[in-house]
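Notes follow the structure.
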Amino acid sequence: MSAALPTSSREWHLVARPHGWPKAEDFALREAAVAAPAEGRILVRNKYFSVDPYMRGRMNDVKSYTPPFKLDHPMDGGAVGEVIASNAEGFAVGDHVLHGLGWREIADLPAKHAVKVDPEIAPLSAYLGVLGMPGLTAYAGLFEVASFKEGDAVFVSGAAGAVGSQVGQLAKLKGASRVIGSAGSDEKVKLLTEEYGFDAAFNYKNGPVRDQLKAAAPDGIDVYFDNVGGEHLEAAISSFNLHGRATICGMIAQYNSTEPTPGPSNMALIIGKRLRLQGMLVGDHAHLQGQFVQEVAGWLASGELKYQETEVEGIENGYDAFVGLLRGENTGKMIVSLA
Ligand SMILES: NC(=O)c1ccc[n+]([C@@H]2O[C@H](COP(=O)([O-])OP(=O)(O)OC[C@H]3O[C@@H](n4cnc5c(N)ncnc54)[C@H](OP(=O)(O)O)[C@@H]3O)[C@@H](O)[C@H]2O)c1
């Protein structure tokens, strides 16, 4: 065990449940004592932690697929770091691990909840993004949930984000006839067509999604990967060809809504077009993990798959990073790096 362990760690607590958009007062950065790890546990100095849209849901006190964050407790989420003390067989000081205790500088956790990662294979932050949970979401959501097949025309919203940018590129790599993306700025739209190989892209803030999608996909779409919901889902239903399939992955347009949000007005089209709209949770697709890592690591090595990260430095900026993600300040995966 290392002799010079830190004695304290800063960690983000949720101190009030946000109503609508989160406010700085809903969060507090607090100090906690650090002790040597108990039997079977390790201490990890986090190098990166993830801020993700689903965390907004965990700030509400509602029953969901993941429990709400507890008030006045550290928040959690994906993180990668270096083991600084180990009281567990198979883990040594200096090992790098992926685990679920983000939002803090030092994590004290059972070693069985940590997975070793290799910084030689990919930069550590990639295990939170392109090779991590958002990457698997894209892979499973497109290939398993949407039953993507060669020749499909694919539309993805949130297309310059972590999941969306990977969905569009995976579809191209697997022979999509056309890939269309929507994003919230002209710079992001340019990135999609000029760097990521999308056939068409549009800024959803520049006009009605339905009209912009019709123009970008004149022959219709076969697959819609929904990260946004609302107007985007309505537009996709309108542009779907017969037997179209939608993966309902996220509805970020309504995560901060304080009133019930209206559903698409054109649901009856689902009948005549024989559409399939299916929700997904990435946790149901763990069986694809091995195949996903193998294929995606290969495309990353060959340069066929590109990705970006938006890195916010310093634990004290964790709240800003989270709210920035909800506002669209990120391109690719939003992560917080720690010194
Ligand atoms: N079901 C699952 O298992 C699962 C797993 C992972 C992620 N997800 C979901 O997948 C989606 C993407 O997640 P991610 O981690 O890749 O995040 P992300 O796309 O990297 O970041 C969120 C993006 O959402 C966009 N956005 C924010 N408000 C919007 C609005 N009102 N309308 C349209 N776009 C808006 C912003 O980009 P713009 O600048 O383009 O607006 C922002 O950059 C989220 O909905 C998330 O909840 C689901």
Side-chain angles (χ1 to χ4, degrees), residues 20-22 49-60 64-66 77-78 102 125 128-130 132-142 144-146 155-170 181-192 196 198 201-206 208-209 212-213 224-236 246-257 261 277-286 288-289 292 307-312 321-336:
W21 279 84
F49 70 80
S50 181
V51 288
D52 295 277
Y54 78 87
M55 292 171 176
R56 177 64 191 86
R58 295 192 64 195
M59 291 168 190
N60 300 332
S64 182
Y65 58 93
T66 40
S125 56
L128 297 175
V130 68
M133 182 279 282
L136 179 60
T137 303
Y139 189 92
L142 182 64
E144 195 157 80
V145 182
F155 171 46
V156 55
S157 53
V163 174
S165 59
Q166 205 154 337
V167 168
Q169 292 182 80
L170 294 181
S182 71
S185 76
D186 294 345
E187 295 73 37
K188 289 183 180 182
V189 164
K190 206 166 153 198
L191 177 78
L192 296 178
Y196 292 163
F198 283 55
F202 60 87
N203 179 346
Y204 66 85
K205 294 175 182 165
N206 283 350
V209 179
Q212 296 200 76
L213 178 58
Y224 173 47
F225 196 108
D226 193 9
N227 289 317
V228 168
E231 195 193 347
H232 274 85
L233 179 55
E234 183 168 300
T247 294
I248 310 298
C249 174
M251 295 206 173
I252 198 164
Q254 66 185 52
Y255 291 174
N256 290 310
S257 300
T261 47
L277 279 61
Q278 190 175 326
M280 79 165 288
L281 286 178
V282 61
D284 294 343
H285 302 273
L288 292 177
Q289 177 70 19
F292 153 70
Y307 71 100
Q308 285 197 13
E309 292 167 348
T310 301
E311 182 178 325
V312 173
F322 176 66
V323 173
L325 169 81
L326 299 178
R327 288 198 194 111
E329 288 167 13
N330 60 308
T331 301
K333 180 75 189 100
M334 184 69 117
I335 43 168
V336 178

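What you are looking at is a predicted structure, and each value in this text was computed from that prediction instead of being measured. Just follow the structure's listing: the first ligand is 1, and inside any ligand the first atom is 1.
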Q: Nearest 0.5 Å please: distance from the CD1 atom of I335 over to the CG atom of N330.
A: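 Interatomic distance, I335 CD1 to N330 CG, rounded to 0.5 Å: 11.0 Å.
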Q) Under a 4.0 Å heavy-atom cut-off, what residues line ligand 1? A) P53, M133, T137, G161, A162, V163, A183, G184, K188, Y204, N227, V228, C249, G250, M251, I252, A253, Y255, M280, L281, V282, L325, L326, G328, N330, G332
Considering residues at least two apart in sequence or located in another chain, which fulfil the salt bridge (Lys or Arg N to Asp or Glu O under 4.0 Å) criterion with [X]?
{"X": "E144", "answer": "none"}
{"X": "E234", "answer": "R210"}
{"X": "R56", "answer": "none"}

Q: Report yes if some heavy atom in the side chain of L233 is under 4.5 Å from a heavy atom in the side chain of L277; otherwise report no.
A: yes
Q: State, with a plain yes or no, whether a side-chain heavy atom of I252 is found less than 4.5 Å away from one of N227.
A: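 No, their side chains stay 4.5 Å or more apart.
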